[in-house]
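Remarks on the structure that follows.
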Amino acid sequence: EREAEKEAKQAAKQAPKVVSHHNGRQLHLGDSATGYTGVYERAIGSFEVKRRAGTKTSYSLGTFKTALEAAVVYADSLKRIGDAEFVLEREAEKEAKQAAKQAPKVVSHHNGRQLHLGDSATGYTGVYERAIGSFEVKRRAGTKTSYSLGTFKTALEAAVVYADSLKRIGDAEFVLEREAEKE
């Protein structure tokens, strides 16, 4: 056991120290095995620098002999690409959070009508958001055919039309349609 402790201490002495600053540059510390954001040790002993472009794509900025060299390149890349890109990414995240806060609340009743909650992205059965930002109401006729009841500015307006259509067409027909779909 003493031998294992000695080997661990020796390895720690030989391992390069992770530093937060180098030659006036702030380096970006991370949770990776190298200790630096965007720096990954390759199987052959070199270190690769990778940057993200969006949420899924990453690209290599090169390979280097040491993790410190790679970390410096990563830090420089942030300056070259510009703090503006970083700020834009953060602004987009803030806007997404703000939009989520401002998203209309899905309600089960409106002006005395029971609305039909569903699993669609809008939260309402039969209501679908179109690419242009409006909301379309669709009803099924049988198992394969559907027809549009119109487009509306808000999901709530569309949900009310869907609920009204159930009353106009009749609850009995709606139940029969659903039974036919189950078969």
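All residue numbers refer to positions in the sequence shown, counting from 1. Because only heavy atoms are used, hydrogens play no part in the values below, and waters and symmetry mates are left out as well, while side chains stay in.
- Closest heavy-atom contact between A70 and F47: CB-CB, 4.1 Å.
- Residues S77 and L61 have side chains in contact (heavy-atom distance under 4.5 Å, counting atoms from C-beta outward).
- At least one side-chain heavy atom of V72 sits less than 4.5 Å from a side-chain heavy atom of L27.
- In this structure a side-chain-to-backbone donor-acceptor pair under 3.5 Å is present from T34 to V39.
- Contact annotation: the side chain of E69 approaches that of K65 to within less than 4.5 Å [non-hydrogen atoms, C-beta and beyond].
- In this structure a side-chain-to-backbone donor-acceptor pair under 3.5 Å is missing from S32 to T37.
- Heavy-atom minimum distance, L156 versus Y124: CD1-OH, 3.9 Å.
- No donor-acceptor contact under 3.5 angstrom links the side chains of T151 and E136, judged on distance only.
- Proximity of R139 to Y162: side-chain heavy atoms (C-beta onward) are separated by under 4.5 Å at one or more points.
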